[in-house]
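Structure record follows, encoded as structure tokens.
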4 protein chains.
Amino acid sequence: MSVNESAFSVAPPAKAGARSKKKDKASPDKRERILRAAIKVFARKGFYATRVSEIAKAAGVADGTIYLYFKNKDDVLIRIFEDRLTKLLEFLRKETLAIEGVEARLRRIIELQLGLLEGQRDLAEVITVNLRQSSRLLKQYAAPLFNEYLEFIASIFSEGQREGIIRKDVHPRTLSRALWGALDGIALT
Amino acid sequence: MSVNESAFSVAPPAKAGARSKKKDKASPDKRERILRAAIKVFARKGFYATRVSEIAKAAGVADGTIYLYFKNKDDVLIRIFEDRLTKLLEFLRKETLAIEGVEARLRRIIELQLGLLEGQRDLAEVITVNLRQSSRLLKQYAAPLFNEYLEFIASIFSEGQREGIIRKDVHPRTLSRALWGALDGIALT
Amino acid sequence: MSVNESAFSVAPPAKAGARSKKKDKASPDKRERILRAAIKVFARKGFYATRVSEIAKAAGVADGTIYLYFKNKDDVLIRIFEDRLTKLLEFLRKETLAIEGVEARLRRIIELQLGLLEGQRDLAEVITVNLRQSSRLLKQYAAPLFNEYLEFIASIFSEGQREGIIRKDVHPRTLSRALWGALDGIALT
Amino acid sequence: MSVNESAFSVAPPAKAGARSKKKDKASPDKRERILRAAIKVFARKGFYATRVSEIAKAAGVADGTIYLYFKNKDDVLIRIFEDRLTKLLEFLRKETLAIEGVEARLRRIIELQLGLLEGQRDLAEVITVNLRQSSRLLKQYAAPLFNEYLEFIASIFSEGQREGIIRKDVHPRTLSRALWGALDGIALT
DNA sequence: CATGAATGAGTTTTCATTCAT
DNA sequence: GATGAATGAAAACTCATTCAT
């Protein structure tokens with residue numbers, strides 16, 4: 001399973017029987033289209049510099065439509081974190097835990113991570129950049145998720161320390177932060 | 001010489017004999033006060049979420065005063081990069097080149113870097129965060145300076161590769177990005 | 001055809017079959033309402049002394065609405081010139097060229113002009129006053145149109161000179177300027 | 001006596017005995033310098049578009065100095081009208097009344113007027129343009145003076161009508177307005 | 001559901017005026 | 001008197017959000 005066709009690369013779920021009912025006027029995944037458009041635009045211009053109208057245009061919907069699916073502009077960013085980060089985390093867990101041995105696991109994480117950061121540059125950009133300078137509100141929602149992510153990687157380092165294959169004088173949490181930072185730095189190229 | 005009393009921790013230059021001679025116009029350090037206030041506020045809330053009036057209040061000046069020293073809000077951020085990053089780079093160069101051996105140098109850089117990122121958390125925050133999602137204009141000014149910084153670290157890795165103490169299958173530039181990312185990630189705590 | 005129901009006294013074009021077909025978007029005459037309000041207020045207070053909010057209030061729209069139809073305050077003035085002066089010129093041409101003989105034509109011009117300046121005092125005021133002391137930008141747009149207007153009158157004087165019924169020792173262009181000035185001076189009452 | 005060295009082309013009054021007292025620090029005619037500078041800048045950019053600091057720079061004084069001689073920016077314009085228009089009127093009266101015959105007088109007025117408008121383009125510009133679109137306050141001061149000026153010319157037309165050499169079906173006041181307008185229009189070239 | 005024109009609160013920025021030196 | 005840095009009230013303009021169609 002490649003990273004780029006991974007679970008968090010959400011694709012509209014196959015649209016079962018073509019045009020289910022009659023009208024089906026509500027294009028089936030307008031919400032999804034908006035999220036994707038938002039990721040793209042947020043990545044390019046940052047949250048604050050992005051106009052709601054730009055998201056709308058990129059998604060091919062009217063400005064007002066955004067407010068049918070999201071409470072407000074902040075909410076769009078929050079949902080990006082929630083939807084995507086959750087899926088990313090699940091995916092990482094599944095992929096990693098299937099592997100035996102701390103070193104192999106870390107290699108797999110790095111591999112996935114770099115693959116992710118390459119294939120989903122936009123998403124990574126949104127996560128890293130916007131995590132920091134956004135409103136209190138956002139931080140409340142997003143930070144816990146990101147923390148969970150770091151915690152997961154830390155847990156692997158922790159295991160490595162117990163097994164004695166990783167130096168013990170650095171806190172696993174610090175290691176996980178350093179790893180994320182390094183990978184993110186690399187991917188920025 | 002500690003990082004936190006370093007060259008880039010700009011202090012109004014002692015004003016030799018108080019009220020030197022005649023003119024002494026343009027309140028010598030008001031500009032500096034504004035820059036410092038801006039760094040502090042930008043770090044906390046990010047560039048876009050920061051109101052010019054907040055910078056003014058933090059600096060203890062009137063809103064309009066900002067515009068006596070800076071062209072506009074963008075310009076304030078640009079000058080932060082210009083003033084500070086330049087000084088930081090000079091400082092790093094001086095400190096590092098005085099040291100013999102690639103490994104020792106890298107240790108010193110990490111040491112300084114972590115010291116900086118701790119002692120000047122605000123500045124580091126502004127540099128890292130705002131470098132990414134800001135206006136074209138800013139990127140034009142800031143990115144080159146940041147690149148110079150990465151280039152400097154890359155040059156040390158490069159030397160290490162020639163000396164055979166650093167693996168040669170990764171580009172020095174990638175290494176420098178990874179190092180910055182890791183250190184930044186750590187400091188974020 | 002009276003001057004005051006003339007072509008340049010723009011009225012929303014009757015909107016043929018009410019609510020024509022489908023779209024009918026962009027409130028058809030809001031732009032027009034704003035232009036009219038602006039002419040009125042500019043005439044009374046001058047361009048610079050007029051607040052955008054005053055135009056908005058006079059037009060019965062919100063401040064921001066102005067910016068849906070015009071780039072900025074300058075643009076409002078520019079469009080007044082463009083829309084109105086162009087129509088005025090067309091009107092004058094049509095009315096005048098239908099008449100035989102230089103003297104009769106000039107009489108008709110004076111008649112129309114005074115009618116205009118009376119019936120559309122506001123517009124005349126805006127044209128004359130604001131043509132002079134405004135920004136480079138405006139002059140670029142407005143002056144050529146005003147010149148075209150003067151040129152048209154000059155062409156009639158020119159014809160009169162060829163026919164020998166107007167003294168030849170004054171340049172037609174000077175005559176047209178003098179005529180405009182005199183009529184404007186009179187109308188100022 | 002040429003128009004351009006006329007009474008209303010105020011020159012600092014010869015500075016009697018060089019450097020009267022001792023210090024004489026107050027440059028003798030700073031007020032006059034400011035007025036002249038203001039006329040020049042107002043003519044070029046109009047009252048509203050002119051910054052107080054621009055007048056100051058043109059006059060070679062500090063911004064604050066202006067407020068030692070004038071109550072505020074409005075006051076500067078008011079004094080221009082008062083000082084200059086008064087002098088202009090006196091001058092016109094003296095010059096004209098020395099001449100015999102209505103036609104000769106009018107010729108002289110036109111001559112002077114065109115000379116003035118040429119030699120003192122700036123002043124004429126300020127008078128004509130700014131008379132119209134400025135604040136209530138200004139109009140209160142300036143209009144009466146301008147009216148007096150028109151009244152004077154009207155009186156000559158009036159005399160001409162009594163003498164039967166000027167058509168009687170137009171009000172003298174209208175004639176004077178037309179004359180001013182025509183001359184102003186010509187001079188605008 | 002979808003639209004997008006309209007709104008107006010909230011920001012940036014300007015500049016006349018003041019006042020400590 | 002003269003200065004010009006500092007002030008802050010006032011204006012232009014932006015853009016998230018609403019709501020009639």
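The chains referred to below are lettered A, B, ... by the order of the sequence lines, with proteins before strands, and numbering in each begins at 1.
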Next on the checklist: Looking at A:E54 and A:K57, is any side-chain nitrogen of the basic one under 4.0 Å from a carboxylate oxygen of the acidic one?
Outcome noted: no
Next on the checklist: If you compare all heavy atoms of A:Y69 against all heavy atoms of A:R31, which two are closest, and at what distance to 0.1 Å?
Outcome noted: CD2-CB, 3.6 Å
Next on the checklist: Of the listed nucleotides (F:dA5, F:dT3, E:dA6), which one gets closest to any side-chain atom of D:L68?
Outcome noted: F:dT3
Next on the checklist: If the threshold is 4.0 Å, N to carboxylate O, is there a salt bridge linking B:D75 and B:R79?
Outcome noted: yes
Checklist entry - Nearest-Å distance, CZ (A:F47) to P (F:dC15)? => result 13 Å
Next on the checklist: Distance check needed: E:dA5 P versus C:I34 CD1, whole Å only.
Outcome noted: 13 Å
Checklist entry - Separation of B:D75 atom CG from E:dT14 atom P, in whole Å? => result 12 Å
Item to check | C:F70 side chain near C:I78 side chain, heavy-atom distance below 4.5 Å | outcome: no
Checklist entry - Quick one: D:F70 CZ to E:dA16 P, roughly how many Å, whole number? => result 15 Å
Checklist entry - Does B:K73 make a cation-pi contact with B:Y67, if we ask for NZ or CZ under 6.0 Å from the ring centre and within 45° of the axis? => result no
Item to check | Integer-rounded Å distance: E:dA6 C1' and C:K57 NZ | outcome: 18 Å
Checklist entry - Would you say the side chain of B:D74 lies within less than 4.5 Å of the side chain of B:F47, judging by non-hydrogen atoms? => result yes
Checklist entry - Any side-chain heavy-atom pair from C:V126 and C:L77 closer than 4.5 angstrom? => result yes
Next on the checklist: At less than 4.0 Å, is any side-chain N or O atom of D:K30 found next to OP1 or OP2 of F:dG1? Yes or no.
Outcome noted: no
Checklist entry - How long is the line joining CD1 of B:I66 and P of E:dC15, in whole Å? => result 18 Å
Checklist entry - Salt-bridged, A:R84 to A:E32, with N to O below 4.0 Å? => result yes
Checklist entry - For the pair made of CG in A:L77 and P in F:dA16, what is the distance, rounded to whole Å? => result 13 Å
Checklist outcome for this item: Stems with DNA chain F, 3 or more Watson-Crick or G-U pairs in a row (under 3.5 Å), are E:2-21 with F:2-21
Next on the checklist: How would you summarise protein contacts on nucleotides 8-13 of chain F per nucleotide, using B for base, S for sugar-phosphate only and - for none, with heavy-atom distances below 4.0 Å?
Outcome noted: B--SSB
Item to check | Sub-4.5 Å side-chain heavy-atom contact between A:I55 and A:V61 | outcome: no
Item to check | Atom-to-atom span, CG of B:D29 to P of F:dA5 - whole angstrom | outcome: 15 Å
